[in-house]
Amino acid sequence: MRIPHGRLPDKENGAAENRAFIVLNGGAEGNPSGYNAGEVNGGPTMIARKVRISILKLYVLALGLALVGFGPMVQSPHLYRAYGAHAVWSGPVRWYEYVVPAILTGMALASVATFAWAVVVTVRPSWHLTYRRLAAFGPPYEVAAAIDKELADKGEVVQIGRALRAFRLSNDLHQPTFVTRSWALQFTDFRLHVVRLEDVVWVRKALFWSATADSGASWRANYFVEVKVRKGSTVYFGGREADVDRLLFELISRQPWVLSGANERWDELWRIDQGQVFERVEAQREQVQAQRPEERRASLEEKVSRARTEAIERKGRPPREGR
């Protein structure tokens, strides 16, 4: 169902330019079962291409681990004298002569495991973590087909952030986030962060502080959008602060009834009774649908502002999805 659209000022650039928004209610339309999940317009789809690149990276990672792990075994077997190998020198065995060979052996074993996993997902791509993540929404290939179909509609897709390029230094190591008519998704090297927009109930900015070796600063802020969905899980989308702010705008403008910002009461309800949170969101949905355009505009401005300023702060890295 479409709700009449309004306009919200784009305040990132300090300009008076307005951005139109269209609020959509519902998931992917149509029946994707007859859609080719591997190709769009004769070429590989984005999800299929990302999975292939991810598998290639697994092979490269396995090769790198093998060179580091097996190389010393072949070129310098005397490094393993603490474990009975023939050595060219004598004397007491130092502690690091136990540790270094153990680390190298671990890397060698990791290379074998990584290569084996790469072979497995080459033969059975449906076992890849990307498709396993999509399986939470239905048959993974059909879900991938529905997402790819929306990604192919360039007029409906918003890309937030810039793609990473090889051999270029960057302080931001996050891939861009794509927002389609029904989905928000962000690829990583081996995983996929994805939410269906109709499942979103709460969005807010999250800062995760990590230690850094840079001089003059001991901690660095990593920015994320924390998205809580109806199944009770939490998904994180990372990026620069400006990208995070823009993603908050895109999510709230499409689902203006979602909760936004930090709230201790909502945190408590999310832990003990998520049903009350869902009821609050449904009540806000009815309220938004009954609002006049100018009221909806003011409500959106307030929600976006709250989401951008009321950030939660933690140390470390975001937890894995589903926690």
Side-chain angles (χ1 to χ4, degrees), residues 49-136 140 164-175 186-194 208-215 217-222 224 233-236 238 314-323:
R49 186 171 65 252
K50 293 290 186 179
V51 169
R52 294 173 189 172
I53 293 174
S54 175
I55 294 173
L56 178 60
K57 289 180 179 179
L58 283 174
Y59 284 112
V60 173
L61 178 60
L63 176 61
L65 290 171
L67 291 175
V68 176
F70 288 109
M73 294 184 185
V74 178
Q75 297 295 327
S76 305
H78 56 273
L79 293 176
Y80 294 80
R81 76 181 186 114
Y83 296 95
H86 175 72
V88 296
W89 68 85
S90 60
V93 177
R94 308 291 184 180
W95 65 269
Y96 54 81
E97 293 184 80
Y98 290 99
V99 174
V100 173
I103 294 175
L104 295 176
T105 302
M107 297 182 74
L109 295 175
S111 72
V112 175
T114 303
F115 180 79
W117 179 244
V119 172
V120 168
V121 293
T122 299
V123 176
R124 291 185 176 273
S126 61
W127 289 16
H128 192 278
L129 293 176
T130 292
Y131 287 118
R132 290 173 64 183
R133 176 71 183 100
L134 294 177
L164 298 179
R165 299 188 180 277
F167 309 111
R168 291 190 180 182
L169 296 177
S170 175
N171 292 327
D172 176 30
L173 299 180
H174 296 285
Q175 294 285 359
Q186 182 179 46
F187 295 92
T188 68
D189 285 334
F190 305 110
R191 292 178 176 272
L192 172 66
H193 303 301
V194 58
F208 286 84
W209 295 92
S210 60
T212 177
D214 295 342
S215 59
S218 57
W219 296 93
R220 181 182 63 188
N222 301 290
F224 293 84
S233 61
T234 303
V235 183
Y236 292 90
R314 298 168 185 164
K315 289 185 178 181
R317 298 179 58 83
R320 291 284 177 85
E321 289 183 17
R323 296 182 184 178

Please find the pair of heavy atoms, one from [X] and one from [Y], that lie closest to each other, and give the distance.
X	Y	result
Ala66	Ser111	N-CB, 3.3 Å
Arg133	Val194	NH2-O, 3.0 Å
Pro140	Ala135	CB-N, 4.2 Å
Trp117	Arg132	CH2-NH1, 4.3 Å

Nearest-0.5 Å distance that lies between atom [atom1] in [X] and atom [atom2] in [Y]:
X	Y	atom1	atom2	result
Tyr236	His174	OH	NE2	13.0 Å
Phe224	Gln186	CZ	CD	8.0 Å
Asn222	Arg314	CG	CZ	13.5 Å
Lys50	Thr188	NZ	OG1	10.0 Å
Thr105	Phe70	OG1	CZ	9.0 Å

Solution key, residues 53-65 side-chain donor-acceptor pairs under 3.5 Å, sequence neighbours excluded:
from  : atom 1 : to     : atom 2 : distance (Å)
Ser54 : OG     : His128 : NE2    : 2.8
Ser54 : OG     : Asp189 : O      : 2.9
Lys57 : NZ     : Asp189 : OD1    : 2.7
Tyr59 : OH     : Ala118 : O      : 3.4
Tyr59 : OH     : Thr122 : OG1    : 2.9

key: Check against side-chain contact (heavy atoms from CB on, under 4.5 Å), Val68 and Leu104   = CA-CA 7 Å; Val68 176; Leu104 295 176; 4.2 Å; yes

